[in-house]
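Below is one structure, written out as structure tokens; the observations come after it.
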Amino acid sequence: MSYNHEEIEKKWRAYWAEHNTFYCDTHDFSKPKYYVMDMFPYPSGEGLHVGHPEGYTATDIVARMKRMQGYNVLHPMGWDAFGLPAEQFAIKQNQHPESFTRKNIAHFKDQIQSLGFSYDWSKEIATIDPSYYKWTQWIFAKMYQHDLAYVADIPVNYCPELGTVLANEEVIDGKSERGGYPVIRIPMRQWVLRITRYADRLEKDLSSLNWPKSTIEMQKNWIGRSSGVEITFTIQEHPEQSFRVFTTRVDTLFGCQYCCLAPEHPLVKTLVTPEQKAEVEAYCDAAAHKSDLSRTSLEKDKTGVFLGVHAINPINGEAVPLFVADYVLGSYGTGAVMAVPAHDARDYAFAKKYHLPMVEVLKGGDISKAAFEGDGPHCHSSFADGLNIADAKRVITAKLEALGKGHEVVNYKLRDWIFSRQRYWGEPIPMVQTSDGKENAVDEKELPVVLPELDDYRPNKDGKPPLSKAPASWLHTTWHGESAVRETNTMPQWAGSSWYYIRYIDPQNENALADPKLLEHWLPVDLYIGGQEHAVLHLLYARFWHKFLYDIGVVKCKEPFARLYHQGMILGPNGEKMSKSRGNVINPDDIVHSKGADSLRLFEMFAGPLSDAKPWSTTGLDGSYRFIERVFRVVDDPTFSSRLTNENSGELDTSYASLVKKVTEDFEALSFNTAIAQMMVFVNDCYKAKSIYRPYWEGFVQMFSCLCPFVGEEMWQRLGHNESIAYAPWPTYDPAKLTKNEVTIGVMINGKARDAITLAKNATEEEALTIAKASEKTKHWLEGKTIRKVIYVPGKILNLLIG
RNA sequence: GCCGGUUUGGCGGAAUGGUAGACGCAAGGGACUUAAAAUCCCUCGGGCGAAUAACCCGUGCCGGUUCGAGUCCGGCAACCGGCACCA
């Protein structure tokens, strides 16, 4: 009998299911809690990808270790099940997207269970369950009541050919991803969430998180906090009129040569002179029809039109021309800027194009060649002359404040979140419009607003949502006795994933998102692993909802995910991203069948650091399989198992202590590849040893079972245990066994490694020197030389400087 | 352009500032076998060499700090990811 992965995996999968091995009693507060979760998958028709098991294995290892360490571990899984592919499938096949989605979920679940993850399936949730989206809708309704949701006419990507609105991700270079038809921007009624109200907290609280630096930076950049000064300019020709600009470089105010309004700025229409009117209107019309993309793809070409009026610079009373220019964004700051050609690259380009003057107000560059954006002493700046940027900002701001013409402000790049989609397969937005045109949130007791069945899931040609064709019995309802019409927009896919970590804690609760006591105990999530592609959107949206729930007292902590980690991609064997078109896709089912789930898990963890992209390697997978066989042989093959003894000869003491220490630390640090390397070292040592102390081998099997749970359980049973290995107490080690009395250290001569000596760990410098001098190699190097200096670091190095 | 990350043998990768290359893959050799597979053991950065003798070179490139740098500091390059007229 040898290692038969199929038989072993089948046996233990059934055992875990039958014994409910991984059930987590969330009400049991007697043990410390550990909440570890994965980003839940979208159950596509394609089935599981080999990338999925990577992150899932990582969380599973940690979950298993924590269980053995005595934690009450919550390790759930669920389904992010609304989404476009199911809707498109439904349109094509003219059947409800739910049946397709449920089938995919069943397939995903079977695949995931074949991989031996220790999920507590009693916590399983799907975002498409009405019992789940009831609470997604509840959160939206609460947000509306707290003035965080509003309706606005927002330009959307509309594709006339397809007759539908598209998400930004579905628009590539101004054309629809499917079909390649032109996409235009037209305003449409949309629900919007006021995430901007949370911009400061979303930024500030990033510092409290144990998250990858890159992700924190991405979120910071996305939020885009920027502090500067708002300055009021009055119009020379209409002294009663004024506008405000935002600048981060108030120190250059004396260099302002013109000002620009965005085409959307309300003053454009009212200020423009009759002579300029035609040209300005044509310019603004053109800008309005440009998509964001084509407006920004113009990049270097800065254009604008003079409005015929002038603005007065409050710092020196100078009148400067006022333009409309589409390089100024209507949606950021005040929608107006002061232009300092000498010290801003964009203003420089614009001034060059229209032959506008420029004045250098800060020395250090050459403005005949380019704008100078560095620091230096100011000039042509009156009382700010000679000051650097920071000091000039201070004195000029103070002056503006004294004049009542300026004050410090903070701006954010972050925009409000367009939350509605003109699609069928999403959560209905729980709003109704009464005949007075007012928007009203559906009462909690009326939730959920269940998606109605439709005859036809296609979007309307006019871009109206599919739900507008819902039966009248659904569309027409009442609100507090008044007749009302239901909202037909649905929520984006991000909605359900913005709070699912809360629902896992208490998934059956019918009266609340979850029991408050449980929430207080279990949140935040201790470890959250998923792809970096969610670094901004999902992770920012979830933080936003969490902070809102904090504000209304639902959760007690400020952040949902204390520790976050991103797994790297599994690349094809050729080192390229896996894709059907490249023909380098590896199917996990094939691997589970040929080499077993344990081999797949072990390989993916051993291939390299968790966060790195790693190429698939068939020979590497074979290596993992061989290692499992090598391990299994110790209990399975009598020539090895006969070496297991109950008496400790001591020969594996150091190796075992190193193993336990290293594996415990590395698992905690998610450094699985090095933990596995140490396990291999230990197994190699066991192979060489005359006898293997049984408790050491059992400790090894426990740690190994976190990686390879099927074969781990099998070995545990063969070692004589009747209970699952999952709750066996985590191995400990005697630190004294780690400190060998003798160590080998390097001997350096003038900083170059020349020799190695073995000596007592705590040997003195004199002793080390004596031993080194007795060594042939060192003796050779010292011949005829004088030792000028000795650097001795006990246990590390002996460096002799000679001359 | 800006912000992050990466760069170490034939390959994946190890190295609290202390003998670079752990562990694995591939390759080569040996044992076992009638033979093969499997398994077990050994070798395996480059150069010079008969050598598992000695020496020299070596962690993308150029400099610096240090007794000592893959690791710290300054500059540069290439690649990957994100953002991109945000005033």
Side-chain angles (χ1 to χ4, degrees), chain A residues 2 212-222 224-226 228-229 245-250 252 259-260 262 295-302 325-329 331-340 343-347 349-350 411-415 532-533 535-536 566 568-569 575 602-603 606-609 611-624 626-627 629-630 633 637 639 671 673-681 683-684 687-688 744-757 777 780 788-793 795-801:
Chain A
S2 64
K213 194 180 162 186
S214 59
T215 302
I216 289 187
E217 284 304 310
M218 272 193 231
Q219 291 216 353
K220 267 192 192 166
N221 293 341
W222 190 265
R225 185 193 155 93
S226 170
V229 175
V245 304
F246 173 72
T247 180
T248 56
R249 288 297 303 277
V250 69
T252 62
C259 287
C260 290
R295 198 161 145 178
T296 55
S297 70
L298 291 175
E299 281 239 350
K300 276 157 213 139
D301 204 22
K302 305 277 180 287
D326 71 0
Y327 79 89
V328 179
L329 305 176
S331 52
Y332 182 75
T334 59
V337 300
M338 68 174 206
V340 184
H343 303 289
D344 180 281
R346 293 155 301 184
D347 301 343
F350 188 90
N411 269 319
Y412 297 91
K413 284 188 209 172
L414 186 69
R415 304 295 151 80
Q532 178 150 37
E533 67 272 20
V536 178
H566 303 301
M569 225 184 298
L602 184 65
F603 165 71
F606 186 56
S611 58
D612 286 10
K614 297 166 281 284
W616 181 265
S617 162
T618 304
T619 54
L621 178 73
D622 291 344
S624 292
R626 275 202 292 275
F627 182 59
E629 286 186 305
R630 207 168 145 79
R633 213 169 283 136
D637 180 340
T639 59
S671 180
N673 57 330
T674 53
I676 294 164
Q678 193 68 36
M679 290 185 184
M680 289 171 169
V681 169
V683 172
N684 290 344
Y687 264 61
K688 285 174 198 150
T744 300
I745 66 167
V747 178
M748 296 175 111
I749 308 291
N750 285 342
K752 293 215 172 222
R754 297 298 183 190
D755 198 2
I757 54 172
K777 276 193 196 175
H780 166 78
R788 300 194 185 282
K789 191 172 176 187
V790 177
I791 291 124
Y792 173 61
V793 183
K796 301 278 188 192
I797 201 81
L798 177 67
N799 192 358
L800 306 176
L801 304 187

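All figures in this text were calculated on a predicted structure; none of them were measured in a lab. So that the names make sense, note that chain A is the first sequence line, chain B the second, and so on, each numbered from 1.
For A:Asn673, a side-chain nitrogen or oxygen approaches OP1 or OP2 of B:A14 to under 4.0 Å. Side-chain nitrogen and oxygen atoms of A:Ser226 include at least one within less than 4.0 Å of the OP1 or OP2 phosphate oxygen of B:A87. For B:C67, the OP1/OP2 oxygens have no side-chain nitrogen or oxygen of A:Arg788 closer than 4.0 Å. Using a 4.0 Å cut-off, some side-chain N or O of A:Tyr332 falls inside it from OP1 or OP2 of B:A87. Close to B:A26, at under 4.0 Å from its OP1 or OP2, lies a side-chain N or O of A:Arg626. Regarding contacts with the backbone of B:A38, every side-chain N or O of A:Arg633 stays at 4.0 angstrom or more from both OP1 and OP2. At B:G13, none of the side-chain N or O atoms of A:Lys614 fall inside 4.0 Å of OP1 or OP2 (strictly under the cut-off). For the OP1/OP2 pair of B:C85 and a distance below 4.0 Å, the side-chain nitrogens and oxygens of A:Lys413 include no atom meeting the criterion. Proximity of A:Arg754 to the phosphate of B:C56: a side-chain N or O atom is located under 4.0 Å from OP1 or OP2. The phosphate of B:A54 (OP1 or OP2) has a side-chain N or O of A:Lys777 nearer than 4.0 angstrom.
Ring geometry for A:Phe350 versus A:Tyr327: interplanar angle of 30 to 60°, hence tilted.
Across all strands, A:Asn799 comes closer than 4.0 Å to base atoms (heavy-atom distances). Residue contacts for A:Pro609: at a heavy-atom cut-off of 4.0 Å it reaches the sugar-phosphate backbone alone, with no base atom in range. Using a 4.0 Å heavy-atom distance criterion, A:Gly224 is classed as making no nucleic acid contact. The residue A:Lys220 sits apart from the nucleic acid: no heavy atom pair falls under 4.0 Å. Nucleic acid contact for A:Val793: base, since at least one base atom lies under 4.0 Å from a heavy atom of the residue. In this structure, A:Tyr412 reaches neither bases nor backbone, as no heavy-atom distance under 4.0 Å exists between it and the strands shown.
Here B:C3 is the nucleotide among B:C67, B:A14, B:C3 with the atom lying nearest to any side-chain atom of A:Glu217. Distances from the side chain of A:Ala756 to the nucleotides B:C67, B:C23, B:U19 place B:U19 closest. For A:Ile797, the side-chain atoms get nearest to B:U19 when compared with the rest of B:A26, B:A14, B:U19.
B:A38 is unpaired under the Watson-Crick or G-U wobble criterion, no partner having all donor-acceptor distances under 3.5 Å. In this entry B:A50 has no Watson-Crick or G-U wobble partner, no candidate having both defining distances under 3.5 Å.
B:G60: glycosidic angle beyond 90° from 0, hence anti.
Between A:Asn411 and A:Arg225, the side chains place no donor N or O within less than 3.5 Å of an acceptor N or O (distance only, hydrogens not considered).
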